[in-house]
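In what follows, a single structure is set out as structure tokens and then discussed.
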Amino acid sequence: DHRDLHSFPTRRSSDLRALERQEFELHFQPQIDVATEAIIGAEILLRWHSPTDGTVSPLLFIPILEESGLIIPVGSWLIHHACRQIRAWLDQGLPRLEFSLNISALQFHRGYLVETVREALQRNRLEPELLCLEVTESLIMDDIEQTLSIMEQLVELGVSLSIDDFGTGYSSLSYLRRMPIHELKIDRSFIVNIPAEPNANALVDTILGMATCLNLRVVAEGVENQAQRDYLAAKRCDRIQGYYYAKPAPAEQFANLLRKIGRA
């Protein structure tokens, strides 16, 4: 179980040696095609199993990594490790999926992201179409021109770009129009109140409509029940992710799910 948020001790950056002790692990949560109900993608999530604190919530350790700057080497490890895992699954004959990775602002702007992604793809002989990098609205607004430059270089590599937690930030629609993004991800805070709350429905409908106008794919995350799933399906949301279908799982457990279900 996750440790209580208030019981976890404050860590200095020197104390967080989880990367070199190999305590991080990748978990995978499937993304479902609404029209076919097939698994067509997955989000890759970072998990930390501490020998002293047990399974630590990302709400605790991600901010520590960001504040200390350790998010850059950990983010690089995540990209390389993810690509290595994807290659292993392809070699085993498992289905080709698109895998999404969260990219922190620090890694995006100062972590040699383009070089890291290029090297990981080349080293694992991986097609860039299998990677989708998720960035937040606040990251986008940090430095518009640098952001655009890095985004364009990533798209030239062939990877897809997604705006995570869309609707929770303050991004300008004029900038959104300029950016070479492929996907909007609706934050779970909007999904939790549909279809019972009219204001939540209106916000979700607006995001879906805007995405259609901009020719962007939409993923709804945090879907936990049939009513939410049916509402999104009726509104032609492209992909759904959440506990309604599956919780994030370790690599072998996720691979077993793929072997069992396959793709429609």
Would [X] end up clustered with [Y] when hydrophobic side chains under 4.5 Å apart are linked, directly or stepwise?
X      : Y      : value
Leu126 : Leu26  : yes
Tyr243 : Ile44  : no
Ile86  : Leu258 : yes
Val135 : Val155 : yes
Ile62  : Leu70  : yes

Quick check for you: to the nearest 0.5 Å, what is the distance between [X] atom [atom1] and [Y] atom [atom2]?
X      : Y      : atom1 : atom2 : value
Leu133 : Phe99  : CG    : CZ    : 14.0 Å
Thr136 : Asp187 : OG1   : CG    : 11.0 Å
Asp165 : Glu137 : CG    : CD    : 8.0 Å
Met179 : Leu214 : CE    : CG    : 12.5 Å
Arg87  : Cys83  : CZ    : SG    : 10.0 Å
Ile186 : Asp164 : CD1   : CG    : 11.5 Å

- [ ] Start with the C-alpha distance between Ile181 and Met151, add both sets of side-chain angles, then the distance that settles side chain to side chain contact (heavy atoms under 4.5 Å, CB included), and finish with yes or no.
- [x] CA-CA 8 Å; Ile181 58 174; Met151 281 184 161; 4.0 Å; yes
Check the side chains of [Y] and [X] for a donor-acceptor pair under 3.5 angstrom, ignoring hydrogens and angles.
X      : Y      : value
Gln226 : Tyr244 : yes
Glu37  : Tyr245 : yes
Glu145 : Ser149 : no

TODO: Could I get the full list of side chain to side chain donor-acceptor pair (under 3.5 Å) partners for Glu43, not counting sequence neighbours?
DONE: Asn102, Lys185, Gln241
Which donor-acceptor pairs under 3.5 Å do side chains of residues 107-116 form with protein atoms, sequence neighbours excluded?
unit_1 : atom_1 : unit_2 : atom_2 : d
Gln107 : NE2    : Gly75  : O      : 3.4
His109 : ND1    : Gln146 : OE1    : 2.6
Thr116 : OG1    : Tyr112 : O      : 2.9

Do you know the tightest heavy-atom contact between [X] and [Y]?
X      : Y      : result
Val192 : Ser189 : CG1-O, 3.5 Å
Ser50  : Val56  : CB-CG2, 3.9 Å
Val34  : Cys237 : CG2-O, 3.1 Å
Pro63  : Pro58  : CD-O, 3.6 Å
Glu98  : Arg239 : OE1-NH1, 3.1 Å
Pro180 : Leu161 : O-CD1, 3.7 Å

Open item on the list: Under a 3.5 Å distance rule, please check whether Asn225 uses its side chain to pair with a backbone N or O of Gln228 as donor and acceptor.
Closed with: yes
Task: Exam field: side chain Asp33 to backbone Thr36, donor-acceptor pair closer than 3.5 Å - done: yes
Less than 4.5 Å apart, side chain to side chain, heavy atoms only: is that true for [X] and [Y]?
X      : Y      : answer
Val159 : Leu121 : yes
Pro128 : Arg118 : no
Leu97  : Phe254 : yes
Leu106 : Ile72  : yes

Open item on the list: Evaluate His27 against Glu25 for side chain to side chain donor-acceptor pair (under 3.5 Å), listing each step before the verdict.
Closed with: CA-CA 7 Å; His27 281 209; Glu25 180 181 50; 2.9 Å; yes
- [ ] Check the pair Glu129 / Arg96 against salt bridge (charged side-chain N to carboxylate O under 4.0 Å, His left out), numbers first and verdict last.
- [x] CA-CA 10 Å; Glu129 294 79 18; Arg96 287 169 48 88; 5.6 Å; no
Open item on the list: Please evaluate residues Cys132 and Arg217 with respect to the criterion side chain to side chain contact (heavy atoms under 4.5 Å, CB included), reporting the C-alpha separation (whole Å), side-chain torsions for both, the decisive distance (0.1 Å), and the verdict.
Closed with: CA-CA 12 Å; Cys132 178; Arg217 184 175 71 198; 4.2 Å; yes
Open item on the list: Using a 6.0 Å cut-off, check whether atom CG of Asp91 has over 12 heavy atoms from anything other than its own residue.
Closed with: yes
- [ ] Flag yes if more than 12 heavy atoms outside Gln22 fall under 6.0 Å of its CD atom; otherwise flag no.
- [x]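 Atom CD in Gln22 is not crowded, with 12 or fewer foreign heavy atoms closer than 6.0 Å.
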Task: Partner of Glu183 under side-chain hydrogen bond (donor to acceptor under 3.5 Å, both in side chains), chosen from Ser100, Ser162, Ser160 - done: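 When Ser100, Ser162, Ser160 are each tested with Glu183, the side-chain hydrogen bond (donor to acceptor under 3.5 Å, both in side chains) holds only for Ser162.
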- [ ] Report the relative orientation of the aromatic rings in Trp77 and Phe24; use parallel for angles under 30°, tilted for 30 to 60°, perpendicular for over 60°.
- [x]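 Rings of Trp77 and Phe24: tilted, as their planes differ by 30° to 60°.
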- [ ] Check each of Val219, Val218, Leu232 against Asp238 using the side-chain contact (heavy atoms from CB on, under 4.5 Å) test, and report the only one that passes.
- [x]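 Checked Val219, Val218, Leu232 against Asp238; only one passes side-chain contact (heavy atoms from CB on, under 4.5 Å): Val218.
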Open item on the list: Tell me whether Glu224 is salt-bridged to Arg229, with the criterion being a basic N under 4.0 Å from an acidic carboxylate O.
Closed with: no
TODO: Using a strict cut-off of less than 4.0 Å between a Lys/Arg side-chain nitrogen and an Asp/Glu carboxylate oxygen, indicate whether Arg259 and Glu252 qualify as a salt bridge.
DONE: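 So Arg259 pairs with Glu252 through a salt bridge.
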Would you tabulate the side-chain donor-acceptor contacts of residues 199-211 under 3.5 Å, counting partners in other chains and residues two or more places apart, or write 'none'?
unit_1 : atom_1 : unit_2 : atom_2 : d
Asn201 : ND2    : Pro195 : O      : 3.0
Asp205 : OD1    : Tyr231 : OH     : 2.7
Asp205 : OD2    : Tyr231 : OH     : 3.0
Thr206 : OG1    : Ala202 : O      : 2.8

